[in-house]
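Chain naming here is simple, since letters A, B, ... match the order of the sequence lines and numbering starts at 1 in each. Side chains included, hydrogens not; waters and symmetry mates left out as well; all remaining heavy atoms used.
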Protein chains: 2
Amino acid sequence: MEGKTVFKMTPQRAAILEYLDGNTSHPSAEDIYSAIQKKYPMMSFATVYNTLEALKAKGMLWELNIDDQRKRYDPNTKLHHHLICEKCRAVVDIFKDFDLTVPADIAQGFMITGKHVEFYGLCPDCAKNG
Amino acid sequence: MEGKTVFKMTPQRAAILEYLDGNTSHPSAEDIYSAIQKKYPMMSFATVYNTLEALKAKGMLWELNIDDQRKRYDPNTKLHHHLICEKCRAVVDIFKDFDLTVPADIAQGFMITGKHVEFYGLCPDCAKNG
DNA sequence: ACTCTTGTTAGAAACATTCTCATATTGGAA
DNA sequence: TTCCAATATGAGAATGTTTCTAACAAGAGT
(Lines give C-alpha, C1' and ligand atoms only; values in the text may rest on other atoms or scores of the structure.)
Protein backbone atom coordinates (compact mmCIF):
# COMPACT_ATOMS: atom_id res chain seq x y z
CA MET A 1 0.00 0.00 0.00
CA GLU A 2 1.55 3.18 -1.28
CA GLY A 3 1.34 5.34 1.86
CA LYS A 4 3.08 8.67 2.09
CA THR A 5 6.81 8.14 2.40
CA VAL A 6 8.75 9.76 5.18
CA PHE A 7 10.47 13.03 4.48
CA LYS A 8 13.84 12.73 6.14
CA MET A 9 15.55 15.92 7.10
CA THR A 10 19.12 16.21 5.94
CA PRO A 11 21.58 19.11 5.97
CA GLN A 12 21.06 19.54 2.24
CA ARG A 13 17.31 19.69 2.56
CA ALA A 14 17.54 21.99 5.53
CA ALA A 15 19.68 24.32 3.44
CA ILE A 16 17.19 24.26 0.58
CA LEU A 17 14.27 24.89 2.92
CA GLU A 18 16.11 27.69 4.61
CA TYR A 19 16.89 29.27 1.26
CA LEU A 20 13.29 28.99 0.12
CA ASP A 21 11.67 30.16 3.35
CA GLY A 22 10.14 33.55 2.73
CA ASN A 23 11.91 33.77 -0.61
CA THR A 24 9.87 35.76 -3.12
CA SER A 25 12.38 35.73 -5.97
CA HIS A 26 10.89 32.67 -7.67
CA PRO A 27 14.28 31.03 -8.11
CA SER A 28 15.22 28.43 -10.68
CA ALA A 29 16.91 25.15 -9.77
CA GLU A 30 20.17 26.72 -10.85
CA ASP A 31 19.59 29.71 -8.56
CA ILE A 32 18.95 27.42 -5.63
CA TYR A 33 21.92 25.23 -6.44
CA SER A 34 24.42 28.06 -6.70
CA ALA A 35 23.16 29.85 -3.61
CA ILE A 36 23.49 26.74 -1.50
CA GLN A 37 26.74 25.54 -2.99
CA LYS A 38 28.54 28.37 -1.25
CA LYS A 39 27.75 26.72 2.06
CA TYR A 40 27.70 23.10 0.91
CA PRO A 41 30.17 22.65 -1.95
CA MET A 42 29.46 18.94 -2.06
CA MET A 43 25.81 19.48 -2.83
CA SER A 44 24.63 17.87 -6.03
CA PHE A 45 22.19 19.14 -8.62
CA ALA A 46 20.31 15.88 -8.37
CA THR A 47 19.62 16.62 -4.72
CA VAL A 48 18.15 19.99 -5.58
CA TYR A 49 15.82 18.45 -8.11
CA ASN A 50 14.98 15.53 -5.83
CA THR A 51 14.12 17.85 -2.98
CA LEU A 52 12.05 20.17 -5.14
CA GLU A 53 10.17 17.17 -6.45
CA ALA A 54 9.51 15.93 -2.90
CA LEU A 55 8.33 19.33 -1.74
CA LYS A 56 6.10 19.66 -4.76
CA ALA A 57 4.57 16.25 -4.05
CA LYS A 58 3.82 17.35 -0.50
CA GLY A 59 2.17 20.52 -1.79
CA MET A 60 4.77 22.71 -0.13
CA LEU A 61 5.98 24.24 -3.35
CA TRP A 62 4.72 25.39 -6.69
CA GLU A 63 6.51 24.70 -9.90
CA LEU A 64 5.93 27.63 -12.22
CA ASN A 65 6.01 27.48 -16.01
CA ILE A 66 6.33 31.20 -16.25
CA ASP A 67 9.76 31.48 -17.71
CA ASP A 68 10.61 30.61 -21.30
CA GLN A 69 13.84 28.99 -20.37
CA ARG A 70 13.56 27.17 -17.09
CA LYS A 71 11.23 26.19 -14.32
CA ARG A 72 10.84 28.56 -11.42
CA TYR A 73 9.83 27.59 -7.91
CA ASP A 74 7.57 29.35 -5.46
CA PRO A 75 7.52 28.39 -1.78
CA ASN A 76 4.34 30.36 -1.24
CA THR A 77 1.46 28.03 -1.96
CA LYS A 78 -1.36 30.32 -0.90
CA LEU A 79 -3.47 31.21 -3.91
CA HIS A 80 -1.91 34.11 -5.72
CA HIS A 81 -0.91 35.26 -9.16
CA HIS A 82 2.17 36.62 -10.87
CA LEU A 83 3.51 39.57 -12.72
CA ILE A 84 6.40 38.86 -15.06
CA CYS A 85 8.91 41.30 -16.51
CA GLU A 86 9.36 40.36 -20.14
CA LYS A 87 12.82 41.86 -20.21
CA CYS A 88 14.64 40.66 -17.10
CA ARG A 89 12.27 37.82 -16.20
CA ALA A 90 11.67 39.15 -12.72
CA VAL A 91 8.56 37.63 -11.17
CA VAL A 92 6.55 39.25 -8.42
CA ASP A 93 3.52 38.07 -6.51
CA ILE A 94 0.04 39.47 -6.90
CA PHE A 95 -2.20 38.84 -3.94
CA LYS A 96 -5.61 39.65 -5.25
CA ASP A 97 -8.53 37.35 -5.66
CA PHE A 98 -10.04 37.70 -9.11
CA ASP A 99 -13.47 36.41 -9.93
CA LEU A 100 -12.72 33.84 -12.56
CA THR A 101 -15.82 31.76 -12.97
CA VAL A 102 -15.96 29.85 -16.21
CA PRO A 103 -19.51 29.27 -17.43
CA ALA A 104 -20.21 25.60 -18.11
CA ASP A 105 -20.85 26.21 -21.80
CA ILE A 106 -17.34 27.60 -22.12
CA ALA A 107 -15.62 25.01 -19.93
CA GLN A 108 -16.22 22.32 -22.55
CA GLY A 109 -16.76 19.59 -19.98
CA PHE A 110 -13.51 20.19 -18.13
CA MET A 111 -13.40 19.76 -14.39
CA ILE A 112 -11.58 22.88 -13.24
CA THR A 113 -9.45 22.53 -10.12
CA GLY A 114 -7.10 25.46 -10.23
CA LYS A 115 -6.34 28.77 -11.83
CA HIS A 116 -3.47 31.14 -12.24
CA VAL A 117 -3.20 34.56 -13.78
CA GLU A 118 -0.02 35.77 -15.43
CA PHE A 119 0.44 39.45 -16.08
CA TYR A 120 3.15 40.49 -18.49
CA GLY A 121 4.92 43.78 -18.59
CA LEU A 122 8.01 45.63 -17.55
CA CYS A 123 9.35 45.93 -14.05
CA PRO A 124 10.17 49.44 -12.77
CA ASP A 125 13.89 49.05 -13.54
CA CYS A 126 13.42 47.77 -17.07
CA ALA A 127 10.71 50.33 -17.81
CA LYS A 128 13.14 53.06 -16.82
CA ASN A 129 16.13 51.76 -18.79
CA GLY A 130 14.40 50.25 -21.81
CA MET B 1 18.08 51.22 -40.06
CA GLU B 2 16.64 47.96 -38.90
CA GLY B 3 13.41 47.90 -40.88
CA LYS B 4 11.18 44.84 -40.90
CA THR B 5 12.72 42.04 -42.89
CA VAL B 6 10.79 40.42 -45.69
CA PHE B 7 8.99 37.18 -44.95
CA LYS B 8 9.69 34.99 -47.96
CA MET B 9 7.22 32.28 -48.72
CA THR B 10 8.68 28.83 -49.18
CA PRO B 11 7.04 25.41 -49.48
CA GLN B 12 8.11 24.60 -45.93
CA ARG B 13 6.57 27.76 -44.56
CA ALA B 14 3.43 27.26 -46.55
CA ALA B 15 3.13 23.79 -45.05
CA ILE B 16 3.62 25.11 -41.54
CA LEU B 17 1.10 27.88 -42.07
CA GLU B 18 -1.38 25.45 -43.55
CA TYR B 19 -0.94 23.13 -40.59
CA LEU B 20 -1.42 25.94 -38.10
CA ASP B 21 -4.36 27.61 -39.82
CA GLY B 22 -7.40 27.08 -37.65
CA ASN B 23 -5.50 24.56 -35.53
CA THR B 24 -6.72 24.62 -31.93
CA SER B 25 -4.58 21.76 -30.63
CA HIS B 26 -1.79 24.02 -29.37
CA PRO B 27 0.91 21.89 -30.96
CA SER B 28 4.53 21.68 -29.91
CA ALA B 29 7.41 22.12 -32.35
CA GLU B 30 7.69 18.35 -32.42
CA ASP B 31 4.00 17.99 -33.28
CA ILE B 32 4.38 20.43 -36.14
CA TYR B 33 7.55 18.80 -37.35
CA SER B 34 6.17 15.30 -37.45
CA ALA B 35 2.88 16.32 -39.02
CA ILE B 36 4.65 18.11 -41.83
CA GLN B 37 7.39 15.59 -42.31
CA LYS B 38 4.91 13.21 -43.86
CA LYS B 39 4.55 15.59 -46.77
CA TYR B 40 8.06 17.05 -46.73
CA PRO B 41 10.52 14.43 -45.51
CA MET B 42 13.42 16.78 -46.13
CA MET B 43 12.07 19.35 -43.68
CA SER B 44 14.43 20.25 -40.89
CA PHE B 45 13.69 20.98 -37.27
CA ALA B 46 15.64 24.20 -37.59
CA THR B 47 13.17 25.36 -40.19
CA VAL B 48 10.25 24.71 -37.89
CA TYR B 49 11.85 26.73 -35.12
CA ASN B 50 12.96 29.48 -37.50
CA THR B 51 9.49 29.82 -38.92
CA LEU B 52 7.82 29.81 -35.52
CA GLU B 53 10.26 32.49 -34.42
CA ALA B 54 9.49 34.59 -37.50
CA LEU B 55 5.75 34.23 -37.01
CA LYS B 56 6.06 35.11 -33.37
CA ALA B 57 8.06 38.22 -34.24
CA LYS B 58 5.30 39.26 -36.64
CA GLY B 59 2.70 38.76 -33.93
CA MET B 60 1.01 35.98 -35.87
CA LEU B 61 1.61 33.36 -33.23
CA TRP B 62 1.73 32.94 -29.49
CA GLU B 63 4.34 30.91 -27.75
CA LEU B 64 2.75 29.34 -24.70
CA ASN B 65 4.58 28.28 -21.55
CA ILE B 66 1.75 26.15 -20.29
CA ASP B 67 3.34 22.78 -20.64
CA ASP B 68 5.96 21.47 -18.22
CA GLN B 69 7.98 19.86 -20.94
CA ARG B 70 7.89 21.91 -24.08
CA LYS B 71 6.67 25.09 -25.66
CA ARG B 72 3.28 25.03 -27.29
CA TYR B 73 2.17 27.29 -30.11
CA ASP B 74 -1.14 28.98 -30.69
CA PRO B 75 -2.00 30.51 -34.07
CA ASN B 76 -4.94 32.34 -32.56
CA THR B 77 -3.67 35.67 -31.33
CA LYS B 78 -6.98 37.19 -30.36
CA LEU B 79 -7.06 37.68 -26.59
CA HIS B 80 -8.13 34.48 -24.92
CA HIS B 81 -7.21 32.14 -22.12
CA HIS B 82 -6.55 28.46 -21.66
CA LEU B 83 -7.74 25.40 -19.85
CA ILE B 84 -5.14 22.71 -19.35
CA CYS B 85 -5.68 19.05 -18.55
CA GLU B 86 -3.14 18.12 -15.90
CA LYS B 87 -3.21 14.51 -16.97
CA CYS B 88 -2.98 14.45 -20.76
CA ARG B 89 -1.81 18.03 -21.28
CA ALA B 90 -4.66 18.84 -23.61
CA VAL B 91 -5.14 22.58 -23.97
CA VAL B 92 -8.39 24.24 -24.96
CA ASP B 93 -9.26 27.85 -25.56
CA ILE B 94 -11.41 29.97 -23.29
CA PHE B 95 -12.94 32.95 -25.00
CA LYS B 96 -14.17 35.04 -22.14
CA ASP B 97 -13.03 38.46 -21.13
CA PHE B 98 -12.26 38.59 -17.43
CA ASP B 99 -11.95 41.82 -15.56
CA LEU B 100 -8.38 41.71 -14.37
CA THR B 101 -7.50 45.16 -13.24
CA VAL B 102 -4.52 45.28 -10.94
CA PRO B 103 -4.68 48.18 -8.47
CA ALA B 104 -1.56 50.35 -8.59
CA ASP B 105 -0.65 49.55 -5.00
CA ILE B 106 -0.48 45.87 -5.90
CA ALA B 107 1.27 46.29 -9.24
CA GLN B 108 4.48 47.36 -7.51
CA GLY B 109 5.43 49.82 -10.21
CA PHE B 110 5.18 47.35 -13.07
CA MET B 111 3.91 48.50 -16.42
CA ILE B 112 1.42 45.82 -17.34
CA THR B 113 1.02 45.09 -21.03
CA GLY B 114 -0.60 41.69 -21.17
CA LYS B 115 -2.38 39.03 -19.23
CA HIS B 116 -3.24 35.40 -19.51
CA VAL B 117 -5.33 33.09 -17.36
CA GLU B 118 -4.55 29.42 -17.04
CA PHE B 119 -7.16 27.09 -15.66
CA TYR B 120 -6.05 23.67 -14.52
CA GLY B 121 -8.17 20.59 -14.31
CA LEU B 122 -9.13 17.42 -16.07
CA CYS B 123 -10.49 17.13 -19.57
CA PRO B 124 -13.70 15.12 -20.02
CA ASP B 125 -11.81 12.00 -21.13
CA CYS B 126 -9.32 12.04 -18.26
CA ALA B 127 -12.02 12.85 -15.71
CA LYS B 128 -13.92 9.80 -16.90
CA ASN B 129 -10.96 7.38 -16.90
CA GLY B 130 -8.98 8.69 -13.96
C1' DA C 1 25.20 -4.63 15.23
C1' DC C 2 21.87 -5.69 11.41
C1' DT C 3 18.37 -4.22 8.10
C1' DC C 4 15.37 -1.58 5.62
C1' DT C 5 14.23 2.59 3.76
C1' DT C 6 15.48 6.81 2.06
C1' DG C 7 18.87 10.34 0.60
C1' DT C 8 23.22 11.60 -1.62
C1' DT C 9 26.58 12.01 -5.24
C1' DA C 10 29.04 12.29 -9.81
C1' DG C 11 28.40 11.52 -13.99
C1' DA C 12 25.85 9.99 -17.90
C1' DA C 13 21.80 10.36 -20.51
C1' DA C 14 17.75 12.38 -22.40
C1' DC C 15 15.45 16.02 -24.27
C1' DA C 16 14.09 20.48 -26.19
C1' DT C 17 15.97 24.27 -28.28
C1' DT C 18 19.48 27.12 -30.52
C1' DC C 19 23.43 27.75 -33.32
C1' DT C 20 26.70 27.13 -37.40
C1' DC C 21 27.68 27.40 -41.92
C1' DA C 22 27.65 25.81 -46.52
C1' DT C 23 24.21 25.61 -49.94
C1' DA C 24 19.77 26.70 -52.09
C1' DT C 25 15.59 29.71 -53.02
C1' DT C 26 12.99 33.70 -53.30
C1' DG C 27 11.30 37.99 -55.16
C1' DG C 28 12.43 42.19 -56.99
C1' DA C 29 15.31 44.72 -60.22
C1' DA C 30 17.73 45.18 -64.41
C1' DT D 1 14.04 36.45 -68.61
C1' DT D 2 18.17 36.72 -66.22
C1' DC D 3 20.64 38.36 -62.30
C1' DC D 4 21.44 39.48 -57.56
C1' DA D 5 21.20 40.38 -52.79
C1' DA D 6 18.63 39.05 -49.13
C1' DT D 7 16.78 35.45 -46.91
C1' DA D 8 15.75 30.47 -45.97
C1' DT D 9 17.13 25.71 -45.64
C1' DG D 10 19.27 21.45 -43.82
C1' DA D 11 22.40 18.42 -41.24
C1' DG D 12 24.57 18.21 -37.49
C1' DA D 13 26.90 20.21 -33.59
C1' DA D 14 26.31 22.71 -29.42
C1' DT D 15 23.84 24.37 -25.41
C1' DG D 16 21.10 24.26 -21.35
C1' DT D 17 17.87 22.11 -18.44
C1' DT D 18 16.16 18.21 -16.33
C1' DT D 19 16.10 13.26 -15.41
C1' DC D 20 18.27 8.95 -14.72
C1' DT D 21 21.79 5.50 -12.97
C1' DA D 22 24.20 3.06 -9.74
C1' DA D 23 27.10 2.86 -5.91
C1' DC D 24 27.53 4.53 -1.52
C1' DA D 25 25.87 6.79 3.05
C1' DA D 26 22.92 7.90 6.83
C1' DG D 27 18.87 7.14 10.00
C1' DA D 28 15.47 4.91 12.58
C1' DG D 29 13.88 0.78 14.55
C1' DT D 30 14.46 -3.91 15.75
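The distance from atom CE of A/Met43 to atom P of D/dA26 is 16 Å, rounded to the nearest whole Å. Atom OH of B/Tyr33 is separated from atom P of D/dG12 by 11 Å (rounded to the nearest Å). Residue B/Phe7 contributes atom CZ, which lies 15 Å from atom C1' of D/dA6 at whole-angstrom precision. The CZ-C1' distance, from A/Phe45 to C/dG7, rounds to 18 Å in whole Å. Atom CG in B/Asn65 sits roughly 15 Å away from atom P in D/dT17 (whole-Å rounding). Put simply, CD on B/Gln69 is 10 Å from P on C/dT17, counting in whole angstrom units. Note: CG (A/Leu17) to C1' (C/dG7) measures 14 Å, nearest angstrom. Atom CG in B/Asp68 sits about 13 Å away from atom C1' in D/dT19, given to the nearest Å.
Between the CD1 atom of A/Ile112 and the CD1 atom of B/Ile94 there is a distance of 6.0 Å, given to the nearest 0.5 Å.
In this model, the phosphate group of D/dT9 is approached by a side-chain N or O of B/Arg13 to a distance below 4.0 Å at OP1 or OP2. For the OP1/OP2 pair of D/dG29 and a distance below 4.0 Å, the side-chain nitrogens and oxygens of A/Lys8 include no atom meeting the criterion. For A/Thr10, no side-chain nitrogen or oxygen approaches OP1 or OP2 of C/dG7 to under 4.0 Å. Applying the 4.0 Å criterion to OP1 and OP2 of D/dT17, one finds that B/Lys71 has every side-chain N and O outside that range.
Closest to the side chain of A/Asn50, from the set C/dT17, C/dT8, D/dG10, is C/dT8. The nucleotide whose nearest atom lies closest to any side-chain atom of B/Thr5 is, among D/dA11, C/dA10, D/dT7, D/dT7. Nearest nucleotide to the side chain of B/Tyr49, out of C/dA16, D/dT9, D/dA5: C/dA16.
Two residues, B/Thr47 and A/Tyr73, neighbour DNA chain D, and the one matched to the more 5' nucleotide by heavy-atom proximity is B/Thr47. Each of A/Pro11 and B/Glu53 lies near DNA chain C, and the nucleotide nearest A/Pro11 is the one positioned closer to the 5' end. Ranked by how close their nearest DNA chain C nucleotide is to the 5' end, B/Arg70 and A/Gln12 are led by A/Gln12.
The two atoms that bring B/Asp99 and A/Phe98 nearest to each other are O-CD2, 4.1 Å, heavy atoms only.
A salt bridge does not link B/Lys71 to B/Glu30: none of the charged side-chain nitrogens sits closer than 4.0 Å to a carboxylate oxygen. Salt bridge absent: A/Lys58 and A/Glu53 never bring a charged side-chain N and a carboxylate O closer than 4.0 Å.
Just one residue in the list A/Leu20, A/Ile16, A/Leu17, A/Thr51 forms a side chain to side chain contact (heavy atoms under 4.5 Å, CB included) with A/Leu61, and that residue is A/Leu20.
When heavy atoms are screened at a 4.0 angstrom cut-off, B/Glu30 is found touching no nucleic acid atom at all.
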